[in-house]
Amino acid sequence: MLGLKLYMAQRLSAMVMIPLTLGHIAVMIYAIQGGLSAAEILGRTKGSVLWFLYYGLFVLSVSLHASIGLRVIVHETLGLKGRALEIFMWLSGLLLLAMGLRALVAVTL
Amino acid sequence: MIRPHRSHPLWIAYLLHRLSGLGLALFLPVHFHVLAFALNQPERLDGFLRFADNPLVKLAEFGLVFLLAVHVFGGLRLLALEFLPWSPRQKTLAASAVAAAFLVAGTFFLQAV
Amino acid sequence: MTTIERHDTDILILGTGGAGMFAALHALQSAPAGTKVTIAVKGLIGKCGCTRMVQGGYNVALGHGDTVERHFMDTINGGKWLPNQDMAWRLCEQAVVRVRELENEIGCFFDRNADGTLHHKAFAGQTADRTVHKGDLTGIEIINRLMEQVLSRPVEKLQEHRAIGLIPTKDGSALAGVLMIDMRTGRFRFVRAKTVLMATGGGPTMYKYHTPSGDKTMDGLAMALRAGLPLRDMEMVQFHPTGLLAGDHTKMTGTVLEEGLRGAGGQLLNGAERRFMFDYDARGERATRDVVSRGIYAEMQKSNTSSNGGVYIKMSHLGPEMVRQKFSGMVKRCADSGFDLAGGLVEVVPTAHYFMGGVVVDTDTRTEMEGLYVAGEDAGGAHGSNRLGGNGVANSTVYGGVAGDVMGMDIRRMGALRDPDENVLDAEIARACQPLGHKPANIQDLRHRLQEAMWEDVGVIRTGRGMRRGIDRVAQISDELAVSGVASSNLAFNLTWHDWLNLRSLCDISEVIAEAGLARENSRGAHYREDFPEQGDLDSSYFTVARQRGGDIEVSREPVQFTIVRPGETILPAGEPETLVEAS
Amino acid sequence: MQEMDVSVWRGDANGGGLEHFKVPARDSQTILDVVAWIQQHADPTLSYRYACRVGMCGSCAMMVNGVPRWTCRTHVKTVLKDNAITIAPLRNLPVIKDLAADMDPFFDKWVAAGGVHHPTRTRDEPIEILDPKTPERVETDTGIECINCSVCYAACDTVSNNVDFLGPAALQRAWTLYLDPKDADPNAILDAVSGKGGCHNCHSQGSCTLHCPNGLNPMKAIAGLKRATVSSFFKGGR
Ligand SMILES: Cc1cc2nc3c(=O)[nH]c(=O)nc-3n(C[C@H](O)[C@H](O)[C@H](O)COP(=O)(O)OP(=O)(O)OC[C@H]3O[C@@H](n4cnc5c(N)ncnc54)[C@H](O)[C@@H]3O)c2cc1C
Ligand code: HEM
Ligand code: SF4
Ligand code: F3S
Ligand code: FES
């Protein structure tokens with residue numbers, strides 16, 4: 001159920017996310033250690049092009065990566081296939097993308 | 001569920017990777033949703049973050065970071081297996097990935113309490 | 001109760017060893033477009049038969065100064081002047097083409113020297129290094145590659161279809177088709193074909209100790225015998241000296257421990273743990289297969305045996321580490337059945353390995369019966385009284401290919417499919433159903449008894465008296481078999497029914513082996529008679545031809561035609577050295 | 001004489017269940033011997049398959065205590081637990097009857113994975129001079145001695161979960177063929193293993209490699225194919 005193209009998309013997006021997620025965990029550890037409040041965090045992220053690009057890239061990658069991952073799981077455990085499977089993948093990807101973008105806007109704009 | 005032919009480190013690593021990936025995929029929309037409060041209801045976000053001081057919630061958060069760490073290091077292992085020259089020490093790598101996940105998530109947890 | 005499904009094809013091939021698979025591929029190449037090729041096999045395609053079990057390798061004159069002439073002379077000398085010389089010649093000549101075909105078209109990769117040329121190893125009894133191989137699993141490489149080719153082509157597959165009868169036309173002039181049992185359902189199927197290749201691979205598994213795969217039980221030769229075809233060299237059973245001995249209850253018993261063990265310096269010890277081979281031959285353990293087999297058999301007759309009744313092979317004096325490294329496959333195999341080959345003693349016994357006898361064919365694989373072709377171990381003539389190590393797989397692949405070519409050509413001059421003699425068809429069905437009407441009995445016990453009888457009375461060392469006794473014992477078992485039943489409630493995949501049919505074929509051919517053995521009053525190659533130990537006059541060499549007339553086996557002697565070379569002569573150019581193999 | 005408790009799966013495509021037998025224990029005894037003993041002495045209708053009895057033909061694989069194994073080379077001692085053994089037909093394949101599985105899907109996929117040589121020469125040409133020590137050849141040698149026993153295929157959960165997945169053995173064969181300098185069409189092989197059941201569906205569960213009785217490493221071969229398809233993706237924009 002996974003051809004070369006989807007495989008490439010999933011692996012490339014995973015590679016992109018490696019530094020992003022590791023960075024994110026590091027930031028969170030730092031933030032918690034510093035006892036930052038939400039307002040303080042937002043103060044640093046809002047209006048920052050850098051953070052916008054950082055989390056924007058993450059949202060794009062994760063939508064791609066997770067929707068393909070879910071597609072695999074759903075096919076292998078529930079036996080969904082054909083069009084239904086395509087639709088499922090696209091819907092889950094778009095849902096993640098929409099919700100991710102909404103959060104992105106809230107946090108960085 | 002774990003039948004005899006599956007009881008070996010690489011299969012367990014596969015299972016962990018799948019469960020962590022699935023867990024993340026289910027949690028991430030929730031996380032995004034909470035963050036989106038920052039847009040129109042900053043006070044609810046703050047309330048949420050205060051709520052997050054609750055030890056139970058801390059544990060849940062630790063769980064999520066743990067999932068992420070397990071998945072990331074497991075993913076790194078898989079990418080190495082698939083794209084780097086072959087190493088016969090796959091079991092060691094799988095174990096190291098889990099160890100690294102514990103290390104990172106543990107650090108997070110210690111910082112958080 | 002007997003519904004019979006009818007089925008038509010153009011070219012039908014029985015068996016998927018080297019012979020059957022090459023025949024299928026060549027038939028597809030040579031037959032006119034649109035010809036239907038069907039392959040029927042007792043097991044799964046490519047997964048049964050002995051070609052897959054080839055370890056040593058494939059004889060071919062392709063290097064080291066070797067020539068087809070030299071390969072031919074070794075084959076004739078090895079066969080003690082009994083081979084059909086034209087068949088032996090074609091074997092040696094075409095082996096060159098076949099190995100190139102295997103490498104270049106089929107996709108095999110045989111081991112190379114450091115400079116990239118083919119590696120040839122020396123097999124005992126040959127005067128050149130000529131055996132190409134892939135490690136010591138040559139058969140797997142050959143059959144897997146052939147299997148891929150066959151599976152990916154439009155060949156009709158009848159797997160787990162066991163041929164049980166060759167059905168002639170009403171006037172008996174030609175073959176109409178083959179009766180089979182679809183083993184999975186237990187139903188009969190009659191397949192008509194214009195040409196049929198029989199490549200079911202003989203298999204002397206009527207001996208207590210034997211190497212061939214379990215599916216080989218002389219079905220082909222038994223069918224040919226019933227169809228009235230002449231069988232030659234039927235007394236010639238090749239024994240391998242070192243079969244594993246682990247008791248009657250395990251199928252591991254009889255399987256080959258490779259020749260190389262003795263070559264590397266392995267020692268054979270009798271029950272008293274004393275070396276004995278030098279009592280029989282100056283070369284000790286390194287003597288040829290037949291000599292070593294006889295040495296062990298003689299030691300066994302003197303009751304100087306190991307606990308299970310054989311002798312021991314010892315490797316440990318060569319250093320267990322070295323043995324583990326050099327013979328890792330063998331060491332592992334022994335370990336799987338609980339023996340320590342590298343460090344301890346392993347019990348061995350001579351084991352029936354290959355059957356030189358077979359249907360009389362011409363060099364184009366044609367038989368007396370129009371429409372029937374025979375190749376591989378089922379065909380007699382190429383090896384005479386002894387087969388060189390490495391000539392078995394050469395023979396099956398060469399003549400399988402020839403059969404494919406010839407059938408593809410012959411089919412052009414054949415008109416419609418032939419109609420079978422329904423009486424023969426009914427009789428064959430009745431024969432197969434015979435046990436279903438009797439009270440169930442233990443077929444395995446009968447098989448053991450047959451194997452004991454053949455081993456003791458028609459085995460490695462024979463006498464007239466022994467063989468006559470053997471014939472009586474076989475007849476007795478045969479009679480008991482006739483009234484031994486098989487529970488018939490469910491015939492689908494009913495192995496016990498097939499055990500019965502296997503034993504039927506084995507009994508029929510055992511009798512022929514013993515009769516042919518009686519008819520040969522000298523000792524040649526694999527056939528050794530204590531009462532006639534001399535090889536006899538070479539110039540008046542004869543081969544035996546057996547056929548069934550009425551209920552009886554008639555054996556005649558026919559003079560060998562020295563069409564290419566006479567005893568005492570050679571076709572090698574003057575001044576050629578006797579051997580190209582460096583003495584080690 | 002000491003006896004063992006042996007449970008054997010009986011049935012056919014329509015279903016079935018375990019039946020129990022007492023089998024005498026012997027010194028040198030393989031699982032295949034146990035099965036044969038039952039057929040020869042206890043229940044003549046028991047169906048199973050074997051041919052070579054020495055680990056060369058790959059006809060005799062079954063599930064032994066839930067693990068796929070070649071039965072002719074599995075000594076009873078190595079698997080006996082509490083004096084009991086459970087034997088069932090090979091997993092992931094349709095059952096024909098009792099312990100005999102239908103291996104056709106396994107071989108269909110072998111062919112579908114492109115596992116057949118594309119010639120560059122004919123039988124009338126000399127055999128190619130080839131260095132046996134190139135990295136490609138050395139790698140091929142580690143994967144070529146497959147006996148197509150389907151043990152890896154039975155061990156792999158991706159095979160059970162994804163009907164299209166070509167499976168470890170077929171993909172390993174494709175890999176050895178891809179490495180073969182004699183093969184005329186390596187790209188056809190990459191295409192064949194890049195479809196919806198191709199190498200990219202393997203999750204590196206590693207059960208194939210763990211259970212292969214011949215010590216082959218299909219997991220590694222599949223990783224090789226993944227790498228080869230990816231680099232051809234970047235190079236050729238396939
Ligand atoms: C352990 C071992 C090692 C050997 N090593 C070597 C070696 O190193 N070099 C060498 O040259 N030779 C070797 N030989 C001999 C060689 O394997 C055979 O000579 C050769 O392979 C025979 O090929 P074949 O095609 O005639 O028969 P096989 O390969 O035996 O094939 C016979 C086929 O016919 C099928 N069949 C049988 N009965 C029926 C039936 N009733 N209906 C339908 N199908 C049927 C079988 O299932 C099988 O598919 C060895 C043999 C053995 C047993
Ligand atoms: C940051 C780094 C990440 C890396 C390196 C990574 C790597 C991978 C890899 C290599 C796979 C393929 C596994 C396989 O086919 O067996 C995979 C699957 C998956 N990933 Fe990730 N991933 C990452 C982040 C994420 C995130 C953040 C999510 C969730 C939102 C996620 C969800 C999934 C899912 C659901 C699967 C499918 C699991 C399966 O098929 O078993 N991944 N990941
Ligand atoms: S790779 Fe191993 S387990 Fe798989 S079919 Fe080949 S020999 Fe059997
Ligand atoms: S077990 Fe299956 S998932 Fe891949 S590594 Fe082997 S093929
Ligand atoms: S019977 Fe051939 S591998 Fe077991």
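Here is how names work: the chains are called A, B, and so on, in the same order as the sequence lines, proteins then strands, and each is numbered from 1. Remember, predicted model here, so these are calculated numbers, not experimental data.
A distance-only check finds no donor-acceptor pair linking the side chain of D/Q29 to the backbone of D/V34 [under 3.5 Å].
In terms of heavy-atom pairs under 4.5 angstrom with chain B, the leader among D/C202, D/G66, D/A154, D/P68 is D/G66.
Side-chain contact between D/H20 and D/V6 is absent, with no heavy-atom pair separated by less than 4.5 Å.
Residue B/L78 touches chain D through its side chain alone, counting heavy-atom pairs closer than 4.5 Å. Only the backbone of D/N65 comes within contact range of chain B, judged by heavy atoms closer than 4.5 Å. Contact annotation for D/H211: only side-chain heavy atoms (C-beta onward) come within less than 4.5 Å of a heavy atom of chain B. In this structure, no portion of B/I12 lies under 4.5 Å from any heavy atom of chain D.
The aromatic rings of D/W110 and D/F107 are tilted relative to each other, their planes meeting at an angle between 30° and 60°.
D/H200 and D/S194 form no side-chain donor-acceptor contact under 3.5 Å, judged by distance and modelled atom types alone.
Rounding to the nearest 0.5 Å gives a distance of 5.5 Å between CH2 of D/W70 and CD1 of D/I147.
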